[in-house]
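Structure record follows, encoded as structure tokens.
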Number of protein chains: 2
Amino acid sequence: MNTTSIKINLNHKAYMRDPENTELGRRIINESIRLIDDLGFEQFTFRKLANVIGSTEASIYRYFENKHKLLVYLVSWHWAWLDHFVLFHTNNIADPRERLSRAIDVITSSGIDNPATLHINESALHRIVIVEASKVYLTKEVDDDNKDGYFLEYKRLCHHIAEMVLAINPDYPYPHALISTIMEAAHQQVFFAEHLPSLTEIKGTKRSPEETATFLKHLVFAAVDQKR
Amino acid sequence: MNTTSIKINLNHKAYMRDPENTELGRRIINESIRLIDDLGFEQFTFRKLANVIGSTEASIYRYFENKHKLLVYLVSWHWAWLDHFVLFHTNNIADPRERLSRAIDVITSSGIDNPATLHINESALHRIVIVEASKVYLTKEVDDDNKDGYFLEYKRLCHHIAEMVLAINPDYPYPHALISTIMEAAHQQVFFAEHLPSLTEIKGTKRSPEETATFLKHLVFAAVDQKR
DNA sequence: ACTTTTATGATAGCATTACTATTATTAAAG
DNA sequence: CTTTAATAATAGTAATGCTATCATAAAAGT
């Protein structure tokens, strides 16, 4: 298996025209990641994006209906990429505890860039996901967006890791709740460490993802191994 | 102690003029809760609020610099109120496990209305907090807002519950990380149960807060009791 | 080669949002 | 009974979130 041949496929169309297929599309993705990382999603606009890529608002609107759909696309891409990475790193590992441990390492690790998708800066995308990912579903349109399949990549990753939990303890009653909780915590704790340090023991350093992984493994294995 | 004499005091000024002191101020709070619950924070505007309370945008701007600060105010008020409620329900309980268990019940419980603060619809506010609370800190201005004390109520509640964890197990290394994780999960799981049910075993019914409390107690006591 | 389609760019415009400023009116305080 | 303070009424402005039109260039089909 050659990692340079990876193509991330999404299970929905948050876009109107597939941005992976054109030069302009790839520039939209590439530069929007840069700009959202820079300005935050609230301050990010298609007008500003058009300016930095030397194109026009109207052209960007031909790819994405609005900036929310663009965020959905970016976040979904990240989840699909992480799901792939979890699979890759747990492949051929027999011990279910080791598999789960590695999965937690992957979901907390800061972005690992993929040489096959040069137009995606996965490190910057990971920073975006930490701050903005929950905004894709915390809206009034969540049920419509869910019907359109916008959260399938997130759910699939959650389900894959929940299956590892069940492989360790088939009687654990909350595998999905546990994993969705720690998937969210994986971001929150890193954010808290940097910005609201009194909410966590994790230190706001370069190593906060690893420290967060240690905390989450404590938590998950305690829950899964619990005598009832 | 008479519960009808409670006055929630915030440790910061997200407002320009204290809305508790005037009739218009109380109407702003009261109706903004209704309207945000109804429209979601993104669609909520001061213009729409001014229309429903029969006042003007300019008048509302004399109380709150912008809608983000109003949300900060509402969410802080909720945390201060919950902190008070946790104190109330754990007061005079000697057993630290029982104290922690009751604290978890309080943070997951849907809003309990306070007869002393009739202008606050705590049930609607609780629904707002579930969906919108994380948006108060997931911004580029988080560090400035933190300096202004906007998250003190949240941090204090987290710290109070973390102390209960330490009372049970003084060696547990992540009390604040654990509690901030479950405070966030208390909202997420209820939201997932209703809108993204494949992410959790909690069922999207009226009883989802109680079910979430059961899950969180499992998790917290497993972590705290863990043999290391 | 030559039409037809498709993608982008250039330009304009428009309703809504997020404010700020000005002045008038009314009610409370001194 | 007059000064102050709070609200209302009105207007205006820059930015946002779009949509529409038309020209042009490049790619695809015949």
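Proteins come first, then strands; the chains are lettered A, B, ... in the order of their sequence lines, and each starts at number 1. What you are looking at is a predicted structure, and each value in this text was computed from that prediction instead of being measured.
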Span of DNA chain C engaged by chain A, first through last nucleotide within the 4.0 Å heavy-atom cut-off, is C/dA7 to C/dG13
Ionic contact status for A/E122 with A/R127, cut-off 4.0 Å: no
Just to be sure I understand the rule, does A/F46 reach a base, reach only the sugar-phosphate, or reach nothing, if contact means heavy atoms closer than 4.0 Å? nothing
At under 4.0 Å between heavy atoms, what does A/F64 touch on the DNA or RNA strands: base, sugar-phosphate, or nothing? nothing
Could you give the start and end, 5' to 3', of the contact zone on DNA chain D for chain B, using atoms under 4.0 Å from its heavy atoms? D/dA6 to D/dA8
Position toward the 5' end of DNA chain D (nearest nucleotide), B/S59 or A/K67: B/S59
Between A/Y154 and A/S76, is any pair of side-chain heavy atoms under 4.5 Å apart? no
Validation row, ring centre A/F191 to ring centre A/H187 under 6.0 Å: no
Pairwise 5' ranking along DNA chain C for A/I53 and A/R47, keeping only the more 5' one: A/I53
Under 4.0 angstrom, heavy atoms only, what part of the nucleic acid is A/R17 near: base, sugar-phosphate, or nothing? sugar-phosphate
Atom NZ of A/K13: over 12 foreign heavy atoms under 6.0 Å: no
Can the ring centres of A/Y15 and A/Y63 be said to be less than 6.0 Å apart? no
Check whether the side chains of B/S208 and B/T205 place a donor and an acceptor atom closer than 3.5 Å, and report yes or no. no
Who pairs with A/F41 by ring pair (Phe, Tyr, Trp, His ring centres under 6.0 Å), at least two apart in sequence or on another chain? none
Check this for me: does any side-chain nitrogen of one of B/R27 and B/E31 sit under 4.0 Å from a carboxylate oxygen of the other? no
